[in-house]
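Input: a single structure, listed below in structure tokens.
Small disclaimer: the values here were computed from a predicted structure and weren't measured. Below, read A as the first sequence line, B as the second, and so on, with proteins coming before strands; counting in each chain starts at 1.
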There are 2 protein chains.
Amino acid sequence: MLDDILHSCYQELEKGHYRLTPQREAVLLTLYRERDGHLTSYELFNKAKKIYPELGLATVYRTLDLFLEMGLLREVQFDKGLTQYELRDHQDGHHHHLVCKGCGHPQEIDGIFPKKLLDLITEETGFLITDYCCQFYGYCEKCRTNIAQDGKKTKVKELMRGEVFNDARS
Amino acid sequence: MLDDILHSCYQELEKGHYRLTPQREAVLLTLYRERDGHLTSYELFNKAKKIYPELGLATVYRTLDLFLEMGLLREVQFDKGLTQYELRDHQDGHHHHLVCKGCGHPQEIDGIFPKKLLDLITEETGFLITDYCCQFYGYCEKCRTNIAQDGKKTKVKELMRGEVFNDARS
DNA sequence: TTCCTTGCAAATCCTTTGCAAGGGT
DNA sequence: ACCCTTGCAAAGGATTTGCAAGGAA
């Protein structure tokens, strides 16, 4: 699986006469290792740095832009000003997100719209769909329990910011 | 309709011993007037300023936070670093977005998941859904034509940034 | 008096950019 | 030699925060 991704990445890069540098490899490998989570650029930077310590943050951003353009990645935005990245999984199709307004932790659920539906939309609107993503907002089981217990939504919300920024999920 | 919104807003505010100040009213009215578009905080600020010229940008942000917490609004993020706001429409149900990767212009399409589906998700995951939003990415009719004609995706992409930031849609 | 609310300016956070240097081809 | 790529530091843009002042309850 990783080999597949690396290989297709290498091919894509070659098309544009780009190189597979150690920096880019470190970013890709990190994205692969953490493919079940949703990494912010900063989380990604820190983790990839462990593979290639000279890595600079700007390079991470540039690499992400490149990978995005190559269609290797997907950007997801759950929270204001926080962009998270995930490897696009060409095998298993799309998944959607359950974003908890309590703890901010995004769960994933599998699901795919029938191709018929997408075609129908294109037919009706002229809009050609290349990708899609659905977010469900609400409260996860854990937070529902917490809120039921002490009703302290606000505290949970503050926690969430902390969790996301301080990389507590790693 | 506007009266309904204002009234429910006033009630919500009262609950928390908050006030319906002219600033908040100006923001709300602007959101209502532009309910078919998707306003960035800055667009909102400029338009609301016409109603209440002393309005400050920080107040707009604070008001948006408040309204968000009250569930009056929805945040949508189509593009990195650009948060857009729209009044939540409790009458007509949900709508989804067709986000064009060419011109960046978001179209809306109506659509609603059957409540059965939402319940099923909650049942399976324990996640209680309070809101949801689906984005379809691709190319709108106009951009598809442009790309077919001269293949200049990049130029279109640059245009898009300009359009969004320079408030050309107003 | 109390405390919600505000405008302004400063601070902060995330992301992009300019530039000179490094390194394949 | 050419040009892709990089790290660093500076710039940029959006959002938040500190603070003193205004104003309703």
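- The side chain of A:Y61 lies closest to C:dC14, out of D:dC19, D:dC8, C:dC14.
- Within the structure, every side-chain polar atom (N or O) of A:T83 is placed at least 4.0 Å from both OP1 and OP2 of C:dC14.
- For B:Q135 and B:Y137, the side-chain atoms include at least one donor-acceptor pair closer than 3.5 Å.
- Atom CD of A:E75 is separated from atom C1' of C:dT15 by 11 Å (rounded to the nearest Å).
- Ranked by how close their nearest DNA chain D nucleotide is to the 5' end, B:Y85 and A:T63 are led by A:T63.
- Along DNA chain C, the nucleotide nearest to B:H17 and the one nearest to B:G56 differ in position, and the one closer to the 5' end is contacted by B:H17.
- Residue B:L64 contributes atom CG, which lies 11 Å from atom C1' of D:dT15 at whole-angstrom precision.
- Between the SG atom in B:C133 and the NE2 atom in A:H97 there is a gap of 12.5 Å [rounded to 0.5 Å].
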Q: Check step by step if side chain to side chain donor-acceptor pair (under 3.5 Å) holds for A:H38 and A:E43.
A: CA-CA 9 Å; A:H38 305 83; A:E43 286 166 342; over 6 Å; no

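- When rounded to the nearest whole Å, the span between CZ of A:F45 and C1' of D:dC8 equals 11 Å.
- Between B:R33 and the options B:L87, B:I51, B:L39, B:L28, a side-chain contact (heavy atoms from CB on, under 4.5 Å) holds for only B:I51.
- Counting only N and O atoms by type, the side chains of B:Y61 and B:S41 include a donor and acceptor under 3.5 Å apart.
- Listed for the B:R24 side chain is no donor-acceptor partner under 3.5 Å among the backbone atoms of B:L66.
- In this structure, CG of B:L13 is placed 16 Å from C1' of D:dA25, rounded to the nearest angstrom.
- In this structure, OH on A:Y85 lies 9.0 Å from CG on A:L44, to the nearest 0.5 angstrom.
- When rounded to the nearest whole Å, the span between CG of A:L57 and P of C:dG18 equals 17 Å.
- Taking atom CZ on B:R62 and atom P on D:dC19, their separation rounds to 14 Å, with Å as the unit.
- In the set C:dT15, D:dT15, C:dC8, the nucleotide with an atom closest to the side chain of B:S41 is D:dT15.
- Distance CG (B:L44) to C1' (D:dT15): 14 Å, rounded to an integer number of Å.
- Set against C:dC8, D:dA9, C:dT15, the side chain of A:A58 has D:dA9 as its closest nucleotide.
- DNA chain C is contacted by B:Y18, B:R19, B:T21, B:Q23, B:R24 of residues 18-30 of chain B, taking any non-hydrogen atom closer than 4.0 Å.
- Between the CG atom of A:L66 and the P atom of C:dT17 there is a distance of 15 Å, given to the nearest Å.
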